[in-house]
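Working notes for the structure below.
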Amino acid sequence: MIAVTHFGYLVAGYSITFGAIGGYAAWLVLRQRALGRAATDKRSPDEPSGTTS
Amino acid sequence: MRTRVSLVLGWTTILALGLTVWLALFVSPADVNQKDAVRLLYLHVPTAWIAMYVSFGVTTVASVLWLWKRTRSPKWDLLAGASAEIGVLFIGLTLIIGSIWGKTTWGVWWTWDARLTLTAVLLVLYLGYLAVRRAPAATEVRAKRAAFVALAAAVDIPIVHFAVEWWRTLHQPASILDDRRLLDPQIHGSMGTTLWVGVLAFTLLYSWLLLKRYRLAQMEQQIEDARLDEAIAERRAEAEEAGLPVPT
């Protein structure tokens, strides 16, 4: 791909696609972690949250 | 076990998507008429495949399984919702990439062509489906409403598919899912390979996203159920304190 036609359109198309998919995937992972943490905290209310000791 | 499956699937998906981008941008040749704009179709076709046929297909089947009393289980409702959300993302991307490609080839961002318009209607229908899922109601009631809306929305899928044959449209006819062309594909060489690798990569991506979204939906449901139990226990305690009869 040396002389590319429609370069801006290609950049826009690929950026939007992978940006949106990446954003959605990141939201899924982060939300799952947050809910997992919340569930763990709820199960052990005596233990201080966010500590391992 | 589930984490390992998710991990393996996740890395396989990343590799497959990387291969798709490499083939699409650096290996496959430019088209004689469309020039390099053809490279957008290596995203447009797989996203349309995932949205229309896979995601909304799974939502429809899962909704039927929930409505059928013999197979009714909360997992079908959660699966239907998870798949529809992914479908909405992909149908949105299909429309955006298609619009960008349309500008390069047709000279316009949008035209009220039958295929395009019906695809936009499909997006609105499934946004409505997701809105119904978010409306406050008892779990069973919400699942029933959502399942009926999913079946109503699914009516648009074959109409979108056959729109290019039933009406005179600007959109080209089916390139892959056409019985006359399935065994005699019109796309040859590295272009065809790139398209198939893209379809496979996006199918893997859908599987990974569905795995994650379904697990998340399960966790959300568990939290909602726990909150409901907590609220009921609080009301009962209040009633007992006030000396009111407590329903069992």
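Values in this document were obtained by computation on a predicted structure and should not be read as measured data.
- Ranked by heavy-atom pairs under 4.5 Å with chain A, the first of Gln222(B), Lys212(B), Arg213(B), Lys103(B) is Arg213(B).
- With a 4.5 angstrom heavy-atom cutoff, Ile100(B) touches chain A via backbone and side-chain atoms both.
- At a 4.5 Å heavy-atom cutoff, the contact between Ile97(B) and chain A is made by side-chain atoms alone.
- Around atom CH2 of Trp11(B), no more than 12 heavy atoms belonging to other residues, nucleotides or ligands sit under 6.0 Å away.
- For Tyr14(A), the parts lying near chain B are the backbone and the side chain together; criterion is any non-hydrogen pair under 4.5 Å.
- Between the OG1 atom in Thr17(A) and the CG atom in Leu43(B) there is a gap of 4.5 Å [rounded to 0.5 Å].
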Review point. Can Ile21(A) and Phe90(B) be said to form a side-chain contact (heavy atoms from CB on, under 4.5 Å), step by step?
Key: CA-CA 9 Å; Ile21(A) 291 167; Phe90(B) 278 89; 4.1 Å; yes
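- Counting heavy atoms of neighbouring residues, nucleotides and ligands inside a 6.0 Å radius, atom CH2 of Trp106(B) exceeds 12 of them.
- Smallest separation of non-hydrogen atoms from Gln34(B) and His6(A): O-CE1, 3.5 Å.
- The minimum heavy-atom distance between Leu40(B) and Tyr9(A), with the atom names listed, is CD2-O, 3.8 Å.
- Nearest heavy atom pair, residue Leu35(A) against residue Glu220(B), reads CD1-CG, 3.6 Å.
- Nearest heavy atom pair, residue Leu10(A) against residue Asp36(B), reads CD2-O, 3.6 Å.
- In this structure, the portion of Trp208(B) lying under 4.5 Å from any heavy atom of chain A is its side chain and not its backbone.
- Ranked by heavy-atom pairs shorter than 4.5 Å toward chain A, the options Glu85(B), Arg215(B), His44(B) are led by Glu85(B).
- Ile16(A) has its side chain within reach of Leu93(B): a pair of non-hydrogen atoms, C-beta onward, lies under 4.5 Å apart.
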